[in-house]
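Only a predicted model underlies this, so the values are computations on that prediction, with no experimental measurement involved. So that the names make sense, note that chain A is the first sequence line, chain B the second, and so on, each numbered from 1.
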4 protein chains.
Amino acid sequence: MELQAVAKAEIGRVKQIGIGIVGAGYMGKAHAVAMSAVGAVFDTPLRPWLEMICATSESGAAEKARAFGFRRSTKDWRRLVEAPEVGAVIIASPQDTHREIALAALALGKPVLCEKPLGQDLVESREMTDAAERTGCINMVGFNYIRTPASQLARQIISSGEIGAVTYFRGEHAEDFLANPATPASWRTRGRATGNLGDLAPHPINAAIALLGPIAELIAEVETVHKTRLGPDGPEAVTNDDHAQFILRFENGVMGSLYSSRIATGRKMGYAYEVFGTKGAIRFDQEDQNTLWLYKGEDNPARCGFTKLLTGPSHPDYNAFCLGPGHGTGYQDQLIIEARDFLKAIETRQPVWPTFRDGLLVNQAIAAAWLSSELRRWVKIGEV
Amino acid sequence: MELQAVAKAEIGRVKQIGIGIVGAGYMGKAHAVAMSAVGAVFDTPLRPWLEMICATSESGAAEKARAFGFRRSTKDWRRLVEAPEVGAVIIASPQDTHREIALAALALGKPVLCEKPLGQDLVESREMTDAAERTGCINMVGFNYIRTPASQLARQIISSGEIGAVTYFRGEHAEDFLANPATPASWRTRGRATGNLGDLAPHPINAAIALLGPIAELIAEVETVHKTRLGPDGPEAVTNDDHAQFILRFENGVMGSLYSSRIATGRKMGYAYEVFGTKGAIRFDQEDQNTLWLYKGEDNPARCGFTKLLTGPSHPDYNAFCLGPGHGTGYQDQLIIEARDFLKAIETRQPVWPTFRDGLLVNQAIAAAWLSSELRRWVKIGEV
Amino acid sequence: MELQAVAKAEIGRVKQIGIGIVGAGYMGKAHAVAMSAVGAVFDTPLRPWLEMICATSESGAAEKARAFGFRRSTKDWRRLVEAPEVGAVIIASPQDTHREIALAALALGKPVLCEKPLGQDLVESREMTDAAERTGCINMVGFNYIRTPASQLARQIISSGEIGAVTYFRGEHAEDFLANPATPASWRTRGRATGNLGDLAPHPINAAIALLGPIAELIAEVETVHKTRLGPDGPEAVTNDDHAQFILRFENGVMGSLYSSRIATGRKMGYAYEVFGTKGAIRFDQEDQNTLWLYKGEDNPARCGFTKLLTGPSHPDYNAFCLGPGHGTGYQDQLIIEARDFLKAIETRQPVWPTFRDGLLVNQAIAAAWLSSELRRWVKIGEV
Amino acid sequence: MELQAVAKAEIGRVKQIGIGIVGAGYMGKAHAVAMSAVGAVFDTPLRPWLEMICATSESGAAEKARAFGFRRSTKDWRRLVEAPEVGAVIIASPQDTHREIALAALALGKPVLCEKPLGQDLVESREMTDAAERTGCINMVGFNYIRTPASQLARQIISSGEIGAVTYFRGEHAEDFLANPATPASWRTRGRATGNLGDLAPHPINAAIALLGPIAELIAEVETVHKTRLGPDGPEAVTNDDHAQFILRFENGVMGSLYSSRIATGRKMGYAYEVFGTKGAIRFDQEDQNTLWLYKGEDNPARCGFTKLLTGPSHPDYNAFCLGPGHGTGYQDQLIIEARDFLKAIETRQPVWPTFRDGLLVNQAIAAAWLSSELRRWVKIGEV
């Protein structure tokens with residue numbers, strides 16, 4: 001069988017781009033699978049191929065390249081970024097590597113999709129945002145949860161005024177992977193950016209901004225409940241937070257609340273929000289990602305209630321996955337939608353939300369939360 | 001038919017007490033029905049009869065007496081309180097009348113069940129509490145929601161340590177009766193104690209204290225979203241709050257969050273809470289009052305999940321209503337449980353939770369919330 | 001305190017009726033509580049008092065009279081039926097006693113509320129129905145589940161055509177009190193009328209008829225899964241059924257399905273139904289008795305879904321219990337609604353659904369199911 | 001960029017197989033996407049490439065080849081089946097083409113994955129099964145719903161005895177795409193195999209067999225509710241069924257029930273089942289495909305209830321899609337699992353459930369249902 005012929009045939013038909021992914025763990029694989037499937041799912045004008053993957057060892061990278069279907073592999077992210085065949089870079093490596101990789105790729109004029117949160121702190125995030133805007137490259141942050149059909153629908157419903165003027169927002173991201181105090185110390189409990197605020201809070205903060213617009217000020221209580229955990233050499237101090245509670249005030253004047261936690265026993269993917277408006281309300285929980293609950297006040301109170309909208313072909317981006325309603329999309333599918341948007345931005349040279357600047361807004365909120373919790377007072381976003 | 005004989009027979013068999021209820025509206029009726037049914041439901045050693053009801057006019061009171069089955073009626077609460085046949089007084093009249101009625105009844109040595117919140121403000125609540133404790137009369141505040149079988153079960157589960165050490169509490173009381181800005185002004189939008197903080201917040205504050213113990217400090221954001229409403233003479237200012245968001249710190253060190261609202265579109269009886277612990281979690285929503293969700297971390301993650309505990313005869317106070325599980329209790333039944341507890345306290349001369357002092361704790365939290373929102377800073381409960 | 005005065009005052013104000021209840025168990029108590037509360041809840045023109053209760057021993061009856069608040073007690077149901085002060089009789093004793101008691105009460109011209117199912121078999125049920133119709137007394141069968149606000153709403157929605165022409169009905173009544181094969185033999189496993197078909201199936205059959213009209217024919221599979229259970233003298237044969245599955249054809253041509261079981265592990269009060277129509281659908285489960293799910297096909301498929309209608313004051317008979325939506329009614333409340341309907345029928349001398357004749361229809365369906373299962377063929381209701 | 005190098009590198013690393021898909025509609029695309037992603041998701045030893053797609057016109061096929069990423073296209077399924085580069089054939093074309101394509105592919109020794117139901121009738125299905133077994137080729141029927149992590153978990157729970165001896169099964173597949181009688185006639189309302197029994201019933205029948213084993217006998221009521229629909233030339237008769245109700249008896253003696261419908265208003269993907277056992281129960285609904293409800297009877301009734309098991313990495317085949325629990329899989333993912341199983345069967349030369357013979361069992365049940373409904377009597381599976 002002549003695969004050469006395949007290759008030539010492909011070249012003749014569609015625009016293509018080689019993808020390089022830095023990081024071969026959980027998110028590296030997710031992006032690799034998404035890039036394998038996105039063309040067929042969405043019939044994208046620009047078609048990706050998996051060019052190179054970077055992992056922490058040469059052998060590990062080679063193994064992952066074979067497993068995921070990449071042409072090449074490396075343990076040196078610079079080699080990946082600089083490879084001419086790599087037309088776009090996805091950064092799925094630890095947070096402390098985001099800045100350097102992004103700057104290098106942008107300097108070479110390459111589009112970058114960077115996993116959230118952008119940098120480890122505001123200084124890094126600002127430097128990355130500046131570089132992205134200065135170079136004019138396509139730049140995107142990987143907030144994939146907001147791309148499910150249900151969350152896209154939520155955005156439509158709110159922005160169209162269907163639930164009236166918004167009066168309250170509540171968001172949360174609750175998981176329980178460190179709920180048990182006997183769970184030992186790990187990279188997750190060391191450093192600061194790897195804690196709850198760095199890892200989980202960005203998702204609902206991004207959702208808050210997507211649904212209601214920028215945050216003006218907040219007061220937060222950030223806490224490390226389990227202050228030591230067993231490390232290889234005995235108990236060690238946990239250096240980041242377990243959970244955090246915010247009261248928010250949005251620039252549009254609306255009050256909100258946000259909770260994020262890695263010790264929320266029983267919650268597995270508790271990315272959830274509810275939004276009240278003068279004419280209606282919505283409720284969403286990612287653990288039931290194919291449902292959006294919509295309430296609309298109507299003339300007859302005897303027929304008012306929350307309606308369970310099961311996602312289907314009449315909702316955003318659903319029908320590329322399935323023509324039947326209620327058949328359901330999953331986690332991997334939201335990555336495929338994200339991949340489609342990234343490819344479209346590259347092809348059309350139009351910015352794609354959320355850009356690095358959007359990611360910076362999220363990091364500002366996190367920095368404000370840290371500051372607020374330390375000073376125990378309200379902090380304006382502009383203060384950080 | 002000789003009803004006299006009935007009466008005599010009754011007297012011979014059981015201890016009896018005449019009940020006087022001040023207020024013939026929503027809550028007055030609820031207490032009247034509860035007192036009609038409680039004896040048969042719980043086989044109470046002390047049996048109540050409906051002696052006198054007080055309403056705002058003589059004819060209205062007489063009409064309600066006939067409807068609810070009271071012997072007598074009055075428009076003068078003093079006459080009710082002073083009537084020798086009235087052995088115990090239930091105060092279900094507007095908040096601005098609570099103090100005076102309670103003080104009069106206590107001064108006569110009569111047990112008092114007062115609807116929440118205790119007084120209009122801390123000064124009143126403290127005076128009422130002092131009087132109750134000085135006179136030694138049975139005194140109780142009407143937080144009936146915490147008395148459902150499911151909420152009693154929640155208290156058992158937490159206090160027994162079944163979910164381990166508690167790490168977070170979230171409570172809310174969300175209704176939507178003023179969500180529509182076109183709803184006109186009324187007694188609800190005038191005065192201060194009749195707003196969301198005065199009317200709705202007491203329930204989840206009481207739940208928070210019942211489940212986790214006293215609150216140490218809080219920061220709150222209290223807001224009147226719809227600042228004017230149409231009154232009989234044109235637009236008038238709303239003088240109390242629509243909703244409020246709190247971050248709490250309990251005396252036991254646990255962080256919590258609380259939201260109460262009368263503009264939470266779509267929510268009808270959103271008295272809800274979730275509590276995370278190191279070994280498990282519970283979730284409850286009064287709109288589904290016969291269910292308590294319990295999560296317990298176990299050895300096998302493949303079998304962990306929230307279990308829907310449908311209330312039944314193995315749960316507190318359920319089997320007096322029905323011997324079959326899942327048959328359900330309703331709003332009126334929680335009043336009957338409350339009535340049983342009040343009667344039992346009278347009969348056994350033992351205090352019954354929540355006493356006026358417990359109600360005072362709730363009012364302190366409300367006062368602290370007002371102060372915190374005005375000063376925009378954390379407030380310790382002891383400050384108010 | 002002069003209770004005589006109470007009595008006289010009462011006599012002057014309202015019409016009264018003395019209630020006699022035969023049976024002091026689960027249902028006897030439920031009816032006693034309902035009769036204690038119904039006047040205050042619904043402001044009924046006719047007010048009941050608890051005159052006499054009949055139990056299996058004199059001392060037991062006296063004890064229950066004291067507990068429930070009856071004037072008198074007896075172990076002889078004839079004495080109760082014949083007492084001039086007993087104006088209406090409620091039969092809450094075992095099924096094999098229904099016929100004789102009902103016939104005696106009817107012969108004396110007294111209204112009768114008989115617990116379901118009417119008689120032990122069709123012969124008895126027909127005799128009872130004939131007597132009721134011949135004497136012209138008010139007669140009613142105690143199918144209380146259909147009286148919840150949610151089920152009354154379901155009936156309204158279907159009968160008004162709101163979901164279009166009905167195309168399918170599925171009903172069930174699933175409980176699990178005999179799911180464990182180690183549960184010993186008892187009165188429930190002896191005799192025939194005390195099995196699943198006699199005890200549980202009547203409820204969803206009655207619901208089916210209430211919602212869709214008379215059943216024309218059916219095919220049923222009736223089964224005793226656990227054929228022996230441990231009795232006092234060793235294993236004994238179970239003489240009635242554990243569960244039964246029906247396919248129905250209604251007189252209006254619609255197809256339906258019905259399942260009832262006492263071995264449906266995990267189901268506690270699984271009285272449930274769903275009805276599909278050309279324009280909409282409803283779903284209900286008594287384990288969540290305050291919710292009716294309503295689907296209405298609309299122009300915009302992006303907004304169609306099942307709406308969770310939480311019962312409230314805009315639904316049938318709810319606001320007598322509470323003025324706030326979502327506060328919930330419970331098992332005891334459906335008995336109170338039933339008591340109101342029985343009293344109203346007595347007062348107005350108008351028949352009340354379901355009459356004995358309606359109960360006979362249910363018994364016919366049960367007899368048809370037995371026959372069908374034995375012959376393993378479709379059976380027309382008219383055949384039995 | 002040298003794609004030739006890619007090709008060679010790939011050849012050196014993994015075993016590959018060219019996939020041919022007949023049918024470029026809904027299911028053709030789903031299989032194409034699945035084959036694009038399966039290698040990266042599961043690290044399959046055998047890696048598929050998309051060799052050829054067959055559609056009804058040359059231009060349509062070419063367009064779909066470009067869109068889905070196939071090397072070649074054709075409107076002639078024979079050309080696809082006979083192409084040496086096509087190593088395995090997926091049949092996703094209309095039911096009346098299954099037989100001929102399958103026989104041709106099997107005759108050439110090629111593995112075949114055929115969409116359900118196998119043939120249009122029993123004669124076709126038997127011929128296909130015979131050919132598959134005679135040629136010894138890998139053969140599989142596309143019942144993908146049973147491959148979700150939740151349904152695989154259900155099979156594990158039942159087969160391991162975790163819920164004890166099974167006592168009842170209820171299955172359904174309810175959709176509403178023809179609930180509106182005004183929906184016009186189409187290919188779905190013409191012919192017989194394209195009706196509800198041919199299109200929807202196979203899924204829950206297959207589930208029934210997967211969970212409980214072979215069906216012994218059944219009685220069915222099959223109905224065309226909307227007997228005419230508007231066609232291009234006016235009203236035309238609908239020639240197949242809208243819905244069907246079965247009572248089943250499994251070979252293991254257990255009773256069951258099954259309903260399938262295309263007029264179940266409000267139901268979108270109502271592939272659902274519940275299974276009761278002596279020690280527990282499970283409930284599943286594909287509209288909430290990431291949840292399996294599990295009830296286990298335990299010593300303490302106060303802690304028994306249905307537990308919501310949210311699928312996660314500890315459940316079958318989940319962690320290839322995501323390492324975090326509760327993140328969810330979707331419709332497309334169940335196709336990927338199916339693709340993995342098909343490839344594994346080809347690679348290991350081991351049969352994969354459900355084979356054509358398993359598909360034949362489903363078709364036998366359908367034939368028995370038609371016969372039963374016509375004769376209105378119980379039919380043994382062996383009769384057809």
Side-chain angles (χ1 to χ4, degrees), chain C residues 163-168 170 172 174 176 179-182 217 219-223 225-226 242-249 253-259 261 263-268 274-283 287 293-297 301 304-307 372-373 376-378, chain D residues 163-168 170 172 174 176 179-182 217 219-223 225-226 242-249 253-259 261 263-268 274-283 287 293-297 301 304-307 372-373 376-378:
Chain C
I163 60 166
V166 171
T167 54
Y168 183 68
R170 183 171 78 81
E172 74 181 22
D176 70 355
N180 186 343
E217 58 178 338
I219 182 156
E221 188 79 342
V222 183
E223 185 182 28
V225 171
H226 304 303
D242 284 327
H243 66 166
Q245 177 72 48
F246 299 48
I247 302 177
L248 306 169
R249 184 64 66 177
V254 174
M255 179 167 75
S257 167
L258 196 141
Y259 178 65
S261 175
I263 59 166
T265 309
R267 294 291 270 155
K268 305 303 175 188
E274 58 184 341
V275 181
F276 298 124
T278 50
K279 296 181 180 172
I282 56 169
R283 306 181 87 180
E287 289 186 359
W293 293 89
L294 172 64
Y295 180 95
K296 293 176 76 168
C304 280
F306 277 93
T307 296
S372 170
S373 185
R376 298 204 95 210
R377 67 158 173 85
W378 283 86
Chain D
I163 59 167
V166 171
T167 54
Y168 183 67
R170 183 172 75 83
E172 73 180 24
D176 69 356
N180 186 343
E217 59 177 338
I219 183 156
E221 188 78 340
V222 183
E223 185 183 27
V225 170
H226 304 302
D242 284 329
H243 67 165
Q245 177 72 47
F246 299 48
I247 302 176
L248 306 170
R249 183 64 65 177
V254 174
M255 180 168 75
S257 167
L258 196 142
Y259 178 65
S261 175
I263 59 166
T265 309
R267 293 290 274 156
K268 306 303 175 185
E274 59 185 338
V275 182
F276 298 124
T278 49
K279 296 182 181 171
I282 56 170
R283 307 182 86 180
E287 289 186 358
W293 293 90
L294 172 63
Y295 180 95
K296 293 175 77 168
C304 280
F306 276 93
T307 297
S372 169
S373 185
R376 298 204 96 210
R377 67 158 172 86
W378 284 86

Problem set entry | Test log, rule side chain to side chain contact (heavy atoms under 4.5 Å, CB included), inputs D/Glu221 and C/Trp378 | CA-CA 11 Å; D/Glu221 188 78 340; C/Trp378 283 86; 3.3 Å; yes
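Minimum interatomic distance between C/Ile219 and D/Ile247 (heavy atoms only, all atoms of both residues): O-CD1, 3.8 Å. Between C/Lys279 and D/Thr265 the shortest heavy-atom distance is C-CG2, 4.2 Å.
At a 4.5 Å heavy-atom cutoff, the contact between D/Glu217 and chain C is made by side-chain atoms alone. Of the two parts of C/Glu223, only the side chain, counted from C-beta on, holds a non-hydrogen atom closer than 4.5 Å to a non-hydrogen atom of chain D. Contacts between C/Phe246 and chain D at a heavy-atom distance below 4.5 Å involve the backbone alone (N, CA, C, O). Looking at C/Asp242, neither its backbone nor its side chain comes within 4.5 Å of chain D, counting heavy atoms on both sides.
You'll find the side chain of C/Thr278 reaches within 4.5 Å of the side chain of D/His226, heavy atoms only. No side-chain heavy atom of C/Phe276 sits less than 4.5 Å from a side-chain heavy atom of D/His243.
Taking the charged nitrogens against the carboxylate oxygens, D/Arg267 and C/Glu274 have no contact shorter than 4.0 Å, which rules out a salt bridge.
Among C/Gly280, C/Ala281, C/Ala220, C/Gly256, the residue making the largest number of heavy-atom pairs under 4.5 Å with chain D is C/Gly280. Between chain D and the options C/Met255, C/Arg377, C/Arg283, heavy-atom pairs under 4.5 Å are most frequent for C/Met255.
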